[in-house]
Structures are given as structure tokens and as C-alpha cells.
Amino acid sequence: MSGRAAPNGDCTVVVGCQWGDEGKGKVVDVFAEDADVVARYQGGANAGHTVHVGDHEFVLHQVPSGILHPGKRCLLGNGVVVDLAQFFSECDHLAERGVDVRGRIGVSTRAHVVFAHHRALDAALETRAKHKIGTTGRGIGPAYEDKTGRRGVRIGDLLDRALAEETVARSLQGARERLEWLGADPASAGTLEEALAPASRLPDVAADVGLEIWEARAKGRRVLLEGAQGTALDVDHGTYPYVTSSNTTAGAASAGAGIGPTAIDSVIGVVKAYTTRVGNGPLPTGFDERMDAFMRKLGAEFGATTGRPRRCGWFDAVLAAYAARVNGLTGIAVTKLDVLDTLPELKIATAYRLGDAAEHPFPPTVQELDQAEPVYETLPGWTKPTTEARRLADLPANARAYLDRIEELAGVPIAMVSVGTRRNQVIRGVAA
Ligand code: IMP
């Protein structure tokens with residue numbers, strides 16, 4: 001591992017490089033210390049970003065993880081789908097816990113809204129599906145369907161009472177008809193009054209996010225763009241159809257925040273030191289049942305949004321190299337290294353065997369992924385605690401060798417290593 005300085009571009013994207021739950025919340029929280037503006041650019045309340053400050057744990061679904069640093073401006077870009085009831089309850093909950101959110105949060109007037117009827121459709125579609133995706137049930141797919149179908153409701157629509165009533169009533173009626181067609185109860189869509197209720201609070205937060213970011217950059221401020229989910233859940237580049245309904249990769253940061261791609265200076269990819277997945281779909285390096293249960297307990301691998309158990313597996317360097325390519329990574333943040341502290345030996349998948357090909361890049365179809373045989377390299381464990389390490393030199397030699405191998409196989413320098421849940425349990429300034 002090289003010893004260059006921490007990322008210091010004016011605009012940095014933080015993106016998940018596995019199936020979500022890589023620990024992006026903690027990485028964003030750490031980088032946010034040096035940022036002025038933190039913005040989310042895709043996804044919605046399906047995300048669950050966990051941040052520990054002192055003895056307090058915060059799980060954020062809609063509000064960017066930068067909110068826990070006083071004074072930082074936090075934005076939701078046009079690419080996010082916003083569940084307003086959830087969003088305002090999260091803001092109120094943060095305020096109750098002493099986090100001052102007043103004047104610090106902006107929501108793009110171009111962002112689309114997730115309503116109760118989207119959640120009802122999400123549930124109905126999953127119930128009826130032959131091949132279930134295992135969604136978070138937060139209405140994400142149906143909300144993005146409405147967006148691309150050009151029948152969605154945007155934050156800006158809700159600022160005008162007459163327009164709000166018209167657009168939401170149309171959206172609600174469409175959902176009721178679809179629910180009926182799906183054999184679900186149309187009443188589960190909720191009422192127009194319920195759907196419109198949170199709109200009264202919007203004037204305090206509605207913003208032109210792209211313009212704000214542009215102006216912040218022009219004033220020399222530092223911007224952090226916070227991705228949700230992960231590369232393998234991207235609707236184009238992930239394990240389709242077992243994916244979320246947005247582009248999660250770094251390219252989406254530009255479109256979803258409303259800034260040109262040339263405004264982005266660096267892209268930090270977050271990888272957990274092993275692999276997890278929640279929801280259905282292939283996990284090539286997945287453990288056998290016994291090891292799976294052991295690692296789930298060791299790493300507390302339960303979904304932050306749904307509480308579902310996550311499936312666990314060895315570190316997949318085929319996926320890491322793919323993520324480095326499709327995201328254009330300039331650095332990697334490795335999280336949860338400490339979870340591996342007690343394992344006597346570790347494996348890394350260095351290639352996939354598929355048919356006659358011994359080395360295969362991350363395949364585009366789930367059919368191929370189901371057949372892909374990971375080729376493993378075994379490395380010795382370090383069987384010593386890493387939780388107190390604050391410099392690379394503090395880590396046991398075998399832990400450094402493990403990180404070096406990840407860096408080598410991904411082809412991207414490691415910028416940060418996390419060795420525990422607390423904010424200070426981090427090794428920074430590793431590479432640019
Ligand atoms: P949806 O985003 O709720 O539609 O769910 C689609 C797939 O993405 C499911 O496999 C979910 O488990 C997964 N997913 C969505 N959000 C997250 C996340 O924040 N972390 C991990 N998996 C997620």
C-alpha cells in the first residue's frame with residue numbers, strides 16, 4: 001500500500017462497490033469532516049446508512065450522512081426518490097436527538113416523490129412475482145417506474161396546491177387501478193389527504209440542488225456526493241433483474257446531483273473486507289451454511305433498513321476490479337477489517353472459472369454468474385486485534401498483506417481503512 005495523502009478533490013463521489021451495506025455511511029461521515037456540502041444522488045429510503053458518533057448510533061435512510069457534522073449543508077439531488085413522510089420524520093428524530101437540522105437540508109425540486117401507493121405496489125408486485133427480487137418494500141421500483149413513465153410527481157409539483165392535488169390524484173388513481181389488477185386491496189394505496197399532508201413543510205427545504213452545488217464549487221467549497229446501494233445492485237451494471245431501480249454507479253452522481261461529469265474530481269469506492277448481500281440473486285463467493293451463520297454473527301450482518309439477515313461470503317476481487325472499472329475509482333475505502341481479526345485464514349476470489357475460460361471478467365447475466373466458479377487464493381489471517389490501529393504501520397503484517405492484495409487485484413490504491421464502528425476507528429491518508 002502506498003502512503004500518499006487523503007482525497008482532496010473539490011468534488012468527491014463515494015460509491016458502494018459490492019451489493020450495498022459496504023459501510024458507506026461511516027466513510028461519508030469521516031470524509032464529511034473536510035466537506036462543506038454532502039449530497040445524495042440516487043435511491044431513496046431503501047438505503048440504511050449507519051453512523052456511530054460517540055456512544056450513539058444513527059441509522060439514516062433519506063438524510064445524507066453528513067448531517068452529523070454541525071454546519072454542513074446536506075442535499076437530496078434530483079436523482080433521489082423521496083418518501084416525504086419518512087424524510088420529515090427522520091429530520092424530526094434527528095432534531096429530538098440534538099442534531100440541529102434547521103436550514104441545513106435541501107431537497108431538489110426536480111426529485112420525484114415516493115408515496116404510500118408506491119409502497120403498496122412494491123408489496124403487491126413482490127407477492128405476485130414468480131422470481132422475487134427481495135426488495136426493501138420502500139416503494140423504490142414503482143416510484144422510478146412512474147418517473148421514467150413520465151407520470152411521476154416531483155417535489156416542485158407539491159409546492160403549488162392545485163398542481164399537487166391534480167398530479168397526486170392522478171398518480172393515486174393509476175396505482176389503485178394497478179393494485180386491483182394485481183389482486184391487491186386498492187385501499188392499501190392510502191388517501192389523497194394523507195399523500196398531500198407532508199407537502200406543507202416543503203417550502204422550508206425545496207432547493208435547486210444542481211445550482212447550489214455549482215455555486216458551492218465556484219466559491220471553492222468541498223462537495224461530497226454520497227451514493228446508496230452498490231455497484232452490483234445498479235440497474236444496468238448489476239446482477240439484473242436482482243438489482244435496485246436506479247443507477248448506483250459513479251456516473252449517476254453527475255446526472256442525479258445535477259452537475260456535469262467534469263465537476264467531479266475523485267471517486268472513492270467502498271468495499272467491505274468480505275462480501276455480503278441482502279435480498280435475492282447470485283452471490284458467487286457465498287459461504288456454506290455454517291460459515292455464513294458464523295460471519296453474520298461476527299459482523300452483525302443484518303439489514304439496517306429491513307433487519308433481514310445478510311448472506312456473507314469471501315472478498316470478491318473480480319467484482320472489485322469490475323467496480324473499479326465501471327465507477328472509474330481513484331481510491332478504495334476498505335471497511336470492517338476488524339471483523340476478520342479472529343479468522344486463521346482468509347480467501348479472496350481472484351478469478352471466475354466459467355466454461356473453458358479460467359479467467360472471466362464479472363459476467364453480465366445472472367445465468368452466467370450462477371455457473372461461475374470462483375478461483376480462490378488463500379491468505380493467512382492475523383489473529384490479532386486491529387481495532388486500535390490508526391496508522392498502517394499499527395496493523396499486523398498479515399493484515400497489511402491482505403489489504404495490499406485487495407489493492408493489487410482491484411488495481412486502485414486504498415485511501416482509507418475502517419477498523420471499527422466508531423468515528424475514530426479509521427486509518428486515513430493512505431493513498432490519493
Ligand atoms: P429495492 O431497492 O427496495 O427495490 O430492492 C432491490 C434490491 O436491492 C433488493 O435485493 C434489496 O435488498 C437491495 N437493496 C436496496 N437497497 C439496499 C441497501 O441500501 N443495501 C443493501 N441492499 C439494498
Side-chain angles (χ1 to χ4, degrees), residues 1-9 12-18 22-35 38 49-57 65-66 68-69 222 224 226 265-275 298-300 315 317 320 323-324 329-346 348 377 379-432:
M1 232 189 300
S2 50
R4 282 170 277 154
N8 59 359
T12 297
V13 179
V14 174
V15 64
C17 290
Q18 293 157 329
E22 298 93 350
K24 293 179 293 297
K26 157 129 189 210
V27 172
V28 169
D29 177 64
V30 170
F31 284 158
E33 201 180 330
D34 303 326
V38 183
H49 293 170
T50 307
V51 184
H52 290 86
V53 183
D55 293 333
H56 302 280
E57 180 182 276
S65 306
L68 301 171
H69 287 276
R222 288 173 157 204
L224 203 54
E226 173 180 358
D265 300 286
S266 51
V267 182
I268 301 297
V270 187
V271 292
K272 205 181 282 191
Y274 49 100
T275 310
L298 202 59
F315 187 84
L329 299 186
T330 56
I332 298 184
V334 181
T335 62
K336 292 188 124 174
L337 185 73
D338 55 297
V339 173
L340 304 180
D341 283 354
T342 55
L343 300 191
E345 62 177 30
L346 302 157
I348 294 180
E377 186 173 295
L379 285 87
W382 43 93
T383 55
K384 287 189 189 81
T386 57
T387 47
E388 299 306 319
R390 299 294 176 266
R391 297 169 309 144
L392 277 182
D394 300 336
L395 287 174
N398 286 352
R400 289 208 302 275
Y402 185 71
L403 293 172
D404 282 347
R405 193 65 182 127
I406 288 177
E407 185 175 82
E408 195 178 353
L409 289 164
V412 181
I414 292 177
M416 175 179 153
V417 182
S418 172
V419 289
T421 54
R422 290 200 313 275
R423 206 177 237 176
N424 69 341
Q425 288 182 301
V426 79
I427 301 171
R428 285 194 71 183
V430 181

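The structure presented is a predicted model; accordingly, all values stated were derived computationally and were not measured.
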(request) Kindly say whether T12 contributes a backbone atom to a donor-acceptor pair with the side chain of R222 at under 3.5 angstrom? (result) no

(request) State, with a plain yes or no, whether a side-chain heavy atom of V270 is found less than 4.5 Å away from one of M416. (result) no

(message) Measuring only between side-chain heavy atoms, which start at C-beta, is S418 closer than 4.5 Å to Q425?
(response) no

(message) Using only atom types and a distance under 3.5 Å, with no angle test, would you say the side chain of K384 pairs donor to acceptor with the backbone of P396?
(response) no

(message) Let me confirm one number: the NZ-CG distance from K272 to L340, rounded to the nearest 0.5 Å.
(response) 10.5 Å

(request) With I406 as reference, evaluate V417, I348, V412 under the side-chain contact (heavy atoms from CB on, under 4.5 Å) test and give the passing residue. (result) I348

(request) Check whether any side-chain N or O of D338 sits under 3.5 Å from a backbone N or O of T387 as a donor-acceptor pair, and report yes or no. (result) no

(message) Tell me if a side-chain donor or acceptor on Y402 pairs with a main-chain N or O of A273 at a distance below 3.5 Å.
(response) yes

(request) Measure the shortest side-chain to side-chain distance between L395 and W382 over non-hydrogen atoms and say whether it is less than 4.5 angstrom. (result) no

(message) Can you see whether T386 engages D341 through a side-chain donor-acceptor pair at a distance of less than 3.5 angstrom?
(response) yes

(message) Has K26 got a side-chain atom pairing as donor or acceptor with R422's backbone, closer than 3.5 angstrom?
(response) yes

(request) Would you confirm whether T335, through its side chain, and E22, through its main-chain N or O, come within 3.5 Å as a donor-acceptor pair? (result) yes

(message) Given 3.5 Å as the limit, does a donor-acceptor pair link the side chain of H69 with the main chain of D29, or not?
(response) yes

(request) Would you indicate whether the side-chain heavy atoms of E57 and T50 approach each other to under 4.5 Å? (result) yes

(message) Looking at T330 and V267, would you say the former's side chain and the latter's main chain have a donor-acceptor pair under 3.5 Å?
(response) yes

(message) So, taking the atom named CG in L343 and the one named CG in N398, what distance separates them when rounded to the nearest 0.5 Å?
(response) 12.5 Å

(request) For Q18 and Y274, indicate whether the former's side chain and the latter's backbone hold a donor-acceptor pair under 3.5 Å. (result) yes

(request) State whether R391 and D394 are salt-bridged, where the test is any N-O pair (Lys NZ or Arg NE/NH1/NH2 against Asp/Glu carboxylate O) under 4.0 Å. (result) yes

(message) Hydrogens and angles aside, do H49 and E226 bring a side-chain donor and acceptor to less than 3.5 Å of each other?
(response) yes

(message) Less than 4.5 Å apart, side chain to side chain, heavy atoms only: is that true for C17 and L329?
(response) yes

